[in-house]
Protein chains: 4
Amino acid sequence: MSPRPDVSAQRIPQILQAAAIVFAQKGMGRTTMSDIADEAKLSKALLYKYFENKENLILALCTSIFSQLSLPDRKEEQLCSVALKEWADNCGREIAAARNYIGLGFELVALVRSDENVRLVIRKAYADYAKALEDVILLGIKNGEFNPGDAAVLARSVIAQFEGLNLIWFVEPEKFSLQKSYGQAMDVMLNGIISAS
Amino acid sequence: MSPRPDVSAQRIPQILQAAAIVFAQKGMGRTTMSDIADEAKLSKALLYKYFENKENLILALCTSIFSQLSLPDRKEEQLCSVALKEWADNCGREIAAARNYIGLGFELVALVRSDENVRLVIRKAYADYAKALEDVILLGIKNGEFNPGDAAVLARSVIAQFEGLNLIWFVEPEKFSLQKSYGQAMDVMLNGIISAS
Amino acid sequence: MSPRPDVSAQRIPQILQAAAIVFAQKGMGRTTMSDIADEAKLSKALLYKYFENKENLILALCTSIFSQLSLPDRKEEQLCSVALKEWADNCGREIAAARNYIGLGFELVALVRSDENVRLVIRKAYADYAKALEDVILLGIKNGEFNPGDAAVLARSVIAQFEGLNLIWFVEPEKFSLQKSYGQAMDVMLNGIISAS
Amino acid sequence: MSPRPDVSAQRIPQILQAAAIVFAQKGMGRTTMSDIADEAKLSKALLYKYFENKENLILALCTSIFSQLSLPDRKEEQLCSVALKEWADNCGREIAAARNYIGLGFELVALVRSDENVRLVIRKAYADYAKALEDVILLGIKNGEFNPGDAAVLARSVIAQFEGLNLIWFVEPEKFSLQKSYGQAMDVMLNGIISAS
DNA sequence: TATGAATGAGGATTCATTCAT
DNA sequence: AATGAATGAATCCTCATTCAT
C-alpha cells in the first residue's frame with residue numbers, strides 16, 4: 001500500500017532462514033557469510049546492516065530456533081494425558097520434518113560452554129520447556145488423573161528421552177520412526193503415572 | 001630396542017588429548033592447529049607428521065572418544081539387572097567426570113551430516129553401544145529374569161534417555177545430579193521389565 | 001524570492017563543517033562518509049549531491065580551511081610594526097581557538113605529495129600568505145620604518161616560526177601559551193629589523 | 001656462524017623500512033598491508049608475525065622515526081655556538097635527504113589527538129629534543145658564551161623554526177634551500193644571544 | 001625427530017558509492 | 001531535495017599447511 005513497502009522487516013527472517021539452511025548443510029564453522037548472503041540472495045554487506053557480526057547472527061538464529069520448541073498445552077476440559085499424548089505426537093512430527101536442522105541444534109548446544117549469550121538463550125528455552133511440561137503433569141496430579149510423584153523429575157525425564165531420541169535418530173534416521181518413538185516414550189511415562197481408576 | 005624409547009608412540013595420544021582439551025574449551029571451529037600444538041607443547045609442523053590435516057585429527061579424536069563409551073557387560077553368574085544397574089552407575093560417574101568434553105561430543109555428532117567419515121565412526125559406535133545393551137537385555141529375557149519384549153526398542157530407549165540427560169545436564173549441570181538420574185532412569189526401565197517371580 | 005529559501009546554499013558549509021569536526025576527531029583516514037552524514041544530520045546520499053566523492057569533499061574542505069588563514073593587513077596610517085603585531089596576536093588567538101583543527105591541517109599538508117589538487121591549493125595558500133606578509137615588510141622598509149633586508153626571507157622565517165609553534169603546541173598544548181609565543185616571535189623579528197631612530 | 005642465521009631479527013627493520021617507503025608515497029591511510037608486504041618482498045601473513053596489526057606497525061614506525069631525530073651534542077672543549085651551528089647543519093642536511101618522509105611525519109603528528117600511544121611517543125621525542133637543545137644553551141650561558149636568558153624559550157623557538165621550515169619546504173621545496181635556512185635560523189638565534197665580548 | 005619461518009587461500013568486515021522511490 | 005536500501009570492491013586479518021634446516 002505504501003509507496004515503498006518496508007522490505008526491511010522481511011530481511012531478518014530471510015537472512016535467518018538462509019543461515020539455517022547453509023548452517024545445516026555445511027556446519028556453522030564451515031559456513032561463510034558469503035554462503036549465507038548467496039543463499040539469501042542478498043549482498044554480504046547487507047547482512048551486516050541487520051547483524052553486527054557472524055556471532056550475533058548465530059545468536060539470533062539460536063534464539064529463533066529455540067523459541068520455536070512447541071510446548072505442551074492443555075486445552076479446556078481436555079484430559080492431561082490426552083494433552084501430553086497429542087503434544088508428543090506433534091513434537092515428533094515437527095522434529096522429523098525439521099530433520100535437517102537437528103545437527104544445527106547440537107552445534108548450538110555445544111556453544112553453551114564457550115558462548116555466554118547462547119548459554120542464556122538455551123538455558124531459558126529448556127527451563128521454559130521443562131516448566132510447561134511440569135505444569136501439565138502437576139495439573140494431572142492435582143485433579144487425580146495422575147498418581148502423586150515428582151513432576152519435575154518426570155518432566156526432565158521426558159525431555160531427556162525426546163532429546164536423546166533426536167540425537168540417535170539424527171545419527172541413524174533409517175533405523176526407526178522418530179514420531180512413533182516419541183509416542184511410545186510418552187506412553188511408557190503415562191503408564192507409569194496414570195492412576196488406576 | 002632403540003636406545004631412546006620411541007617417543008613417537010606417545011605423540012598421538014598426546015596430541016589427541018591436547019586437541020580434546022582445547023576443542024572442549026573453545027569449540028572445534030574456533031580452535032586452531034596452533035592452539036593444539038601449544039597445548040601439546042609441540043610444534044605445529046610436528047602435528048602434521050602424525051595427522052595429515054585437521055580433518056583427520058578430528059576424525060581420530062572422534063574415533064578415540066566414541067570408542068571410549070563404556071558398554072554394559074555382564075560378569076559370570078551376575079544377574080542381568082545388577083549388571084545393568086552397575087553399568088548405569090559407571091556411565092553416570094564417567095560422563096559427569098568428563099563433563100568438559102560433552103559439548104565436544106555434540107559438535108562431533110553435528111558433523112554426522114556433512115562428514116562421511118565421522119558419520120561412519122559415530123554410527124558404528126552407537127550401533128555397538130545398542131548391540132551390547134540389547135545383548136544383556138536379551139540374555140535377561142532368555143533366562144527368565146526379564147519379561148519378554150522388544151529388546152532393541154528398550155535398548156534404544158535407555159540410550160536415548162542417557163544421551164538426553166547428558167544434553168540437558170550439559171546445559172544446566174547445577175540443576176540435578178547426572179549420576180543419580182542415570183540410576184533412576186535405569187530403575188524405571190528395570191521396574192517395567194523385571195518379571196514378578 | 002522562492003517561497004522556501006534555497007536550503008541548498010546552506011548545505012555545502014554545513015557539510016564541510018561537519019566533515020571538519022569528525023575529521024578532527026578521528027582523522028581523515030578513519031572517518032567515513034557516514035560519519036560525516038551523521039554529524040551533518042543529512043543522509044549519506046545527499047552528500048553525493050554536493051560532492052562527487054570523498055576526495056572532492058576533502059579538497060573543498062582543504063580549500064576552505066586554507067583560505068581562512070588570516071593575512072596581515074595594514075590599515076591606513078597604521079605603523080607596519082603595529083599592523084604586524086596586531087596580526088600576530090590575532091593569528092595566535094585564532095589558532096589557539098581552533099586547536100582541534102590543527103591536526104587536520106597537518107593531515108592535509110601530508111597529502112601534498114600524493115594529491116595534486118591539494119598540493120595546488122596549499123601552495124597557493126602559503127604563497128598568498130607569504131606575499132601578504134612580505135608586502136607589509138616591504139612597505140615598512142620603503143617608508144623607513146624597517147631596516148633594509150630580504151623581505152622574502154623574513155616573511156618565510158615568520159611563517160616557519162608560526163607553523164612550527166602550531167606543531168609543537170599541538171603536540172603539547174599545556175606546555176606554553178600559543179598566543180604569547182606568537183607575540184614573542186613577532187617581537188624578536190621586529191626588534192631585529194626595526195630601525196633605530 | 002649459526003647454521004640457520006636468525007633472519008627474524010632483520011625482519012622488523014625490513015618491514016618498517018618498507019612501510020616508511022609506501023606510507024611516504026601513498027599516505028598511511030591509503031596504504032594497505034599488502035602494499036607493505038609487497039615492498040618488503042614478504043608475505044602479508046608474515047607481517048602479522050611481527051606486528052599485531054596495522055596500528056601497531058604504525059606505532060613502531062613512529063617510534064623508530066621520532067627516535068632518529070638527531071640531537072645537539074657538544075663535544076669536549078667545543079664552543080657551544082659551534083656545536084649548535086654544526087648540529088643545525090646536520091639536521092638540515094638530514095632532513096633534506098629524507099624529504100620523502102617529511103609528509104609521513106606530519107601524518108604521524110596528526111595522529112596525536114586520536115591515538116594515545118602515538119601521542120606518548122611523539123611527546124617524549126619532542127621533550128627529549130627540547131631538553132638536549134636547552135642543555136647546550138644552558139651550558140653556553142653558564143660558561144659565559146651566551147647572554148643569560150630563558151633557555152627553554154629559546155630552545156622551543158629554534159625547534160619551532162626548524163619544524164616550520166620543514167613544513168613550508170615540504171610544500172614548496174623548490175622555493176629555497178632547507179639546509180641553508182636551518183643555518184640562517186641558527187645564526188639569527190646565536191646573534192641574538194651570543195655575548196658581545 | 002623436530003621446529004621456526006613462511007605463505008596462499010580465504011574469511012569477516014568495512015565503506016565509498018549508487019539506486020529506487 | 002531527500003533518503004533508506006543495497007552492493008562491489010576492497011582491506012584487515014587468520015589459519016591450515018609447507019618448507020628449509
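The shown structure was predicted, so the numbers you read here are calculated from the model rather than taken from an experiment. Below, chains carry the letters A, B, ... as their sequence lines are ordered, and counting in each starts from 1.
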Take C:Ile58 and C:Leu108 through the test side chain to side chain contact (heavy atoms under 4.5 Å, CB included) and record every step on the way to the result. CA-CA 8 Å; C:Ile58 287 174; C:Leu108 289 167; 3.8 Å; yes

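Among the duplex regions that DNA chain F forms, those built from at least three successive Watson-Crick or G-U pairs under 3.5 Å are E:2-21 with F:2-21, ordered by first number.
Protein atom OH of C:Tyr50 is 18 Å distant from nucleotide atom P of E:dT17, rounded to whole Å. A straight line from NZ of C:Lys41 to P of F:dA2 spans 16 Å, rounded to a whole angstrom. In this structure, the CE atom of D:Met28 is 16 Å from the P atom of F:dT11, given to the nearest Å. The CG-P distance, from B:Asn56 to F:dA16, rounds to 14 Å in whole Å. With rounding to whole Å, D:Gln10 atom CD is found 19 Å from E:dG4 atom P. The interatomic distance linking B:Lys26 (NZ) with F:dT14 (C1') rounds to 12 Å, in whole Å. The separation between C:Leu47 atom CG and F:dG4 atom P is 13 Å, rounded to whole Å. The separation between A:Lys49 atom NZ and F:dG4 atom P is 8 Å, rounded to whole Å.
Under a 3.5 Å cut-off, the side chain of C:Arg123 and the backbone N or O of D:Val171 do form a donor-acceptor pair. For C:Glu39 (side chain) and C:Ile21 (main-chain N/O), no donor-acceptor pair under 3.5 Å exists by modelled atom type.
In this structure, a donor-acceptor pair under 3.5 Å is present between the side chains of B:Lys44 and B:Ser34.
Separating the NZ atom in C:Lys49 from the CD1 atom in C:Ile12 is a distance of 13.0 Å, to the nearest 0.5 Å. For the atom pair D:Glu107 CD and C:Arg113 CZ, the distance stands at 11.5 Å (nearest 0.5 Å).
Annotation: side chain of B:Val118 is not in contact with side chain of B:Val109 (no heavy-atom distance under 4.5 Å). Inter-residue side-chain proximity for D:Phe23 and D:Tyr101 is flagged as unmet; no heavy-atom pair is nearer than 4.5 Å. When side chains are defined from C-beta on, C:Asp115 counts as touching C:Glu55, because their heavy atoms get closer than 4.5 Å.
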How would you summarise protein contacts on nucleotides 8-14 of chain E per nucleotide, using B for base, S for sugar-phosphate only and - for none, with heavy-atom distances below 4.0 Å? B-BSSBB

